[in-house]
Number of protein chains: 2
Amino acid sequence: MSDLLERLRGRGWRMTAQRRVVAEVLDGEHVHLTADEVHARAVAKLPEISRATVYNTLGELVSLGEVLEVTTDKRAKRYDPNAHRPHHHLVCARCGAIRDVHPNGNPLADLPDSERFGFTVSDVEVTYRGLCPDCAAA
Amino acid sequence: MSDLLERLRGRGWRMTAQRRVVAEVLDGEHVHLTADEVHARAVAKLPEISRATVYNTLGELVSLGEVLEVTTDKRAKRYDPNAHRPHHHLVCARCGAIRDVHPNGNPLADLPDSERFGFTVSDVEVTYRGLCPDCAAA
DNA sequence: CACTTGACTTAGACATTGTCCATTGTAGGA
DNA sequence: TCCTACAATGGACAATGTCTAAGTCAAGTG
Ligand SMILES: [Mn+2]
Ligand SMILES: [Mn+2]
Ligand SMILES: [Zn+2]
Ligand SMILES: [Zn+2]
């Protein structure tokens, strides 16, 4: 994550202990934490960090394009550090586990003009749902 | 919507003024109202209907498969009476307008086994985003 | 290194969306 | 018409997210 911290510093970010900790928490593959989960993990490293700062920092990271906001469930937004390789999501309907996936083809091309209603279509999100191996076994 | 009411009566639903009004509100093409929007429209027809009843009734309609829950924005769930023809959604990123769309192809087939991580994949949701004609003009 | 300043953090109030429960009301059958 | 199980109600509560006023501090300046 020092890559991320370097980029942020280069963008004029003031480097604080709080921001460093949030950036550290958002590291890894298939990481899709809610704001409160980020806060809980950040508190473990920096007990006095506040909820508001976690929300603020996540919002800034999203604005900067360094983190994606994903809404695979109807409850809380999730924050995804894998912002550099476009991808979609596979979600377990039972336990909520989320994996990054890279489907073949281009779903944008599958939407004919007659189904665009004059919209300028620029983006598409695909969410696959099913049961993860553990939940399917149970 | 008397189709819907007939089906519901056939399923043993007790018919109340409240349920009738909620069913009436959920009629039409490209209808994707939030619970509070449904409540506001229901109140116009039946002033004493409560918020809890609207939530309860929507939940029941979803359980019965007569209405779909869609989460095209990160705020409130939306309720979609078009539950009988599978479809996806096209959303204006600026004003939130939502249209039902029917893309070509089968996105499930575009997810290779190597990208399924052992999941049993059963469903896929596709959300197209862009600007509606009005918002693109502005 | 000390100073300064505006950006950052904090705690908690507030807002929105949704759920739950005890009480009251009523649809529909006997 | 009466009964009763099911439904509606209002309000408390919960979860998630936003906002603000006041205090704090990173980092540039000299
Ligand atoms: Mn992801
Ligand atoms: Mn729809
Ligand atoms: Zn699972
Ligand atoms: Zn629009």
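Residue numbers begin at 1 in each chain, while the letters A, B, ... track the order of the sequences.
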Checking contacts here: which listed nucleotide (C:dA27, D:dG17, D:dT9) is nearest the side-chain heavy atoms of A:Ala35? D:dG17
Between C:dC8 and A:Arg14, counting only base atoms on the nucleotide and side-chain atoms on the residue, is there a donor-acceptor pair under 3.5 Å? no
Mind checking if B:Ala52 touches a base, just sugar-phosphate, or nothing, with heavy atoms under 4.0 Å? base
On DNA chain C, does the nearest nucleotide to B:Arg9 precede the nearest nucleotide to B:Arg78 from the 5' side, or the other way round? Give the residue. B:Arg78
Between A:Glu66 and A:Arg11, is there a side-chain N and carboxylate O pair less than 4.0 Å apart? yes
Would you mind checking if A:Arg78 and A:Glu37 are paired as a salt bridge, meaning a charged N to carboxylate O distance below 4.0 Å? yes
Nearest-Å distance for atom pair CG/C1', residues A:Asp36 and D:dA14: 12 Å
Taking the nucleotide of DNA chain C with the nearest heavy atom to each, does B:Thr34 or B:Ala17 sit closer to the 5' end? B:Thr34
Identify which nucleotide among C:dG18, D:dG17, C:dT10 has an atom closest to any side-chain atom of B:Ala76, counting heavy atoms from C-beta outward. C:dG18
What is the distance, to the nearest angstrom, from the CG atom on B:Leu58 to the P atom on C:dG18? 10 Å
Nearest whole angstrom, please: distance from the P of D:dT9 to the CG of B:Asn56. 10 Å
Show your working on side-chain contact (heavy atoms from CB on, under 4.5 Å) between B:Asp123 and A:Thr127 and close with a plain yes or no. CA-CA 8 Å; B:Asp123 187 39; A:Thr127 304; over 6 Å; no
With a non-hydrogen cut-off below 4.0 angstrom, is B:Arg19 in contact with a base, only sugar-phosphate, or nothing? sugar-phosphate
What nucleotide, of D:dT16, D:dA8, C:dT26, holds the atom closest to the side chain of B:Thr16? D:dA8
Interatomic distance where CZ belongs to B:Arg20 and P belongs to D:dA7 [whole Å]: 14 Å
Can you tell me if B:Tyr55 touches the phosphate of C:dG18, counting only side-chain N or O atoms and a distance under 4.0 Å to OP1 or OP2? yes
From CE of B:Met15 over to P of D:dA8, roughly how many Å is that when rounded to an integer? 10 Å
A:Thr53, nearest nucleotide to its side chain (from C:dG18, D:dT16, C:dT10): C:dT10
Please report the distance, rounded to the nearest Å, between CZ in B:Arg11 and P in C:dG28. 17 Å
Got a donor-acceptor pair under 3.5 Å from the side chain of B:Arg51 to the base of C:dG18? yes
Side chains of B:Asp100 and B:Asn82: is there a donor and an acceptor less than 3.5 Å apart? yes
Between A:His89 and A:His87, a side-chain donor and acceptor under 3.5 Å: yes
